[in-house]
Colleague: 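Structure in structure tokens, see below.
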Amino acid sequence: MDKKKARSERKWQDTPYQGRRSTVRKSARRRKIRLWLLYFLMTVCILCIGIALSLTVLFKIDTIEVVGETRYDTDQIIALSGIEKGQNLFLCKTQEGSEAIEHAMPYIETAEITRSLPSKIQIHITETVPVGLVEYGGQYVVISSSGKVLETTATEIENLPVIKGLEIQSAELGSVMEYQDETVKDILEDITQAITATGMQDIKEIDLTSPTNPKLNYQDRILIKLGQPIDLVIKLRNAMVALQPEHIQTYERGTLDLSLTAEDGRSFFNPDYVSSVSSQEEPSSMDPEGSSFVEEDT
């Protein structure tokens, strides 16, 4: 053994300086690699222990809240989510819970489930607003602006317009209706959203028989022609001004044409009948909110 050690020392002494230096560097590099590998393995072990603790002991759900106004019972909403107290905060299936609530409770438009550390679940509810009735299968289907089926009824519902001209393939409660023509779906959504945005009321019917020129029935006395289904908010705001009693009398019937409103700001009213006095007068014109309104004799 002493001979082997002596030979190693003589070999080292006989090694040139540059060779010795290279050997030292290699040895130091190997030690550094071993240290880094050790640190890495220790870090992985710590992370694994932390993950195991968080999934078994820590972050257990102790509070489930329903946030937002809703017509449904909060306990039913929580039960439908499939989330229970004691479950792990990160293992609960939030997406599946949201979909289950939205499908089973039609008047809930969205049910967003969020996690709040260390142990809280919140279900944020947005209620659906019904926008119209569609005749289907011998009854009326109440729908939202997105076409979601909210309920069915045998009779019309006050303040909800009847939507005509839709060809429906299926209308399952809690799901979006399936249309023969998907472009009609987009036009209906745009119209109902514009009605909601402007706050326009007393719409009795939405006629989509001609999708490129949809029409509205206002108070069962004014037919509103929208023209191309674009710039609908601008058109309906103009219509709300034109329908004021100082422009169109409350007893008058006729057609309000908004086809050119988006282009030049004008709308035209063609009465179904004109009294002998008014027939002798010039058509009235004005500029409501920067848009001209013209009343034309038929």
Colleague: What residues form a side-chain contact (heavy atoms from CB on, under 4.5 Å) with L80, not counting sequence neighbours?
Modeller: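 Per chain and number, L80 pairs via side-chain contact (heavy atoms from CB on, under 4.5 Å) with I101, A104, M105.
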Colleague: Name all pairs fulfilling the salt bridge (charged side-chain N to carboxylate O under 4.0 Å, His left out) condition that reach into residues 110-125, sequence neighbours left out, sorted by first residue then second.
Modeller: E65-K120
Colleague: Can you list the residues that meet the side-chain contact (heavy atoms from CB on, under 4.5 Å) rule with D220, with sequence neighbours excluded?
Modeller: K204, N217
Colleague: Taking the side chain as every heavy atom from C-beta outward, state whether I222 and I248 have any atom pair closer than 4.5 Å.
Modeller: yes
Colleague: Closest heavy-atom contact between G227 and N213?
Modeller: N-OD1, 3.0 Å
Colleague: Any non-hydrogen side-chain atom of E263 less than 4.5 Å from a side-chain atom of L260?
Modeller: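 Side chain of E263 against side chain of L260, heavy atoms only: contact under 4.5 Å found.
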Colleague: Taking side-chain hydrogen bond (donor to acceptor under 3.5 Å, both in side chains) as the definition, give me every residue that meets it alongside T209, ordered by chain and number, with sequence neighbours left out.
Modeller: D207
Colleague: Ignoring hydrogens, what is the shortest heavy-atom contact between G132 and L160? Give both atom names and the distance.
Modeller: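 Closest heavy-atom pair between G132 and L160: N-CD2, 4.0 Å.
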Colleague: Run the salt bridge (Lys or Arg N to Asp or Glu O under 4.0 Å) test against E109 and tell me which residues pass, sequence neighbours left out.
Modeller: none
Colleague: A side-chain contact here means heavy atoms from C-beta on lying under 4.5 Å apart; do I224 and L243 qualify?
Modeller: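 I224 reaches L243 side chain to side chain.
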Colleague: Please examine the side chains of L258 and N238, heavy atoms only from C-beta on, and report whether any two atoms are closer than 4.5 Å.
Modeller: yes
Colleague: Should we count CD of E167 as having more than 12 external heavy atoms under 6.0 Å?
Modeller: no
Colleague: Quick one: closest heavy-atom pair of S170 and I168, and the distance?
Modeller: O-CG2, 3.3 Å
Colleague: Please find the pair of heavy atoms, one from T198 and one from R237, that lie closest to each other, and give the distance.
Modeller: CG2-CG, 3.8 Å
Colleague: Could you grab the distance from atom CD1 of I78 to atom CD1 of I64, nearest 0.5 Å is fine?
Modeller: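 With rounding to 0.5 Å, CD1 (I78) is 5.5 Å from CD1 (I64).
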Colleague: What heavy-atom pair brings V149 and P106 nearest, and what distance separates the two atoms?
Modeller: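 In this case the closest contact between V149 and P106 is O-CB, 3.6 Å.
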Colleague: When you compare the side chain of L236 with that of I195, does any pair of heavy atoms fall below 4.5 Å?
Modeller: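 Yes, side chains in contact.
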Colleague: State, yes or no, whether a side-chain contact exists between I203 and I206 at a heavy-atom distance under 4.5 Å.
Modeller: yes
Colleague: When you measure from the side chain of T250 to the backbone N and O of P245, does any donor-acceptor pair fall under 3.5 Å?
Modeller: no
Colleague: CD of Q180: more than 12 outside heavy atoms within 6.0 angstrom?
Modeller: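 More than 12 heavy atoms, drawn from other residues, nucleotides or ligands, come within 6.0 Å of this atom.
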Colleague: Does S98 use its side chain to pair, donor to acceptor, with the backbone of A111 at less than 3.5 Å?
Modeller: yes
Colleague: If every non-hydrogen atom of P229 is compared with every non-hydrogen atom of I187, which pair is closest and at what distance?
Modeller: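 Result for this residue pair: CB-CG2, 4.0 Å.
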Colleague: Sequence neighbours left out, cut at 3.5 Å: what donor-acceptor pairs do the side chains of residues 137-147 make with other protein atoms?
Modeller:
from	atom 1	to	atom 2	distance (Å)
Y140	OH	E156	OE2	3.3
S144	OG	S146	N	3.4
S144	OG	S146	OG	3.0
S144	OG	K148	N	3.3

Colleague: Determine which pairs satisfy salt bridge (charged side-chain N to carboxylate O under 4.0 Å, His left out) with at least one residue from residues 126-138, sequence neighbours left out, and list them in order.
Modeller: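 Sorted pair list: R71-E127.
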Colleague: What residues form a side-chain contact (heavy atoms from CB on, under 4.5 Å) with Q249, not counting sequence neighbours?
Modeller: Y251, E252
Colleague: Return yes if some donor-acceptor pair links the side-chain N/O of E102 with the main-chain N/O of E99 below 3.5 Å, else return no.
Modeller: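 It does not hold such a pair.
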Colleague: Using residues 172-179 as the side-chain source, report each donor-acceptor pair under 3.5 Å to any protein atom, sequence neighbours left out, with the distance given to one decimal.
Modeller:
none

Colleague: Using the rule given for side chain to side chain donor-acceptor pair (under 3.5 Å), can you reason through T255 versus N270, listing the C-alpha separation, both sets of side-chain angles and the distance that settles it, and then say yes or no?
Modeller: CA-CA 5 Å; T255 301; N270 298 308; 5.9 Å; no
Colleague: Is I121 close to I113 at the side-chain level, that is, under 4.5 Å between some pair of heavy atoms?
Modeller: yes
Colleague: Could I get the full list of side-chain hydrogen bond (donor to acceptor under 3.5 Å, both in side chains) partners for Y218, not counting sequence neighbours?
Modeller: none
Colleague: With E96, which residues qualify under side-chain contact (heavy atoms from CB on, under 4.5 Å), at least two apart?
Modeller: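 Scan of E96 (side-chain contact (heavy atoms from CB on, under 4.5 Å), adjacent residues dropped) gives K93.
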Colleague: Give every residue pair that meets the side-chain hydrogen bond (donor to acceptor under 3.5 Å, both in side chains) criterion with at least one member in residues 223-236, sequence neighbours excluded.
Modeller: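 Counting only pairs at least two positions apart or across chains, no side-chain hydrogen bond (donor to acceptor under 3.5 Å, both in side chains) contact touches residues 223-236.
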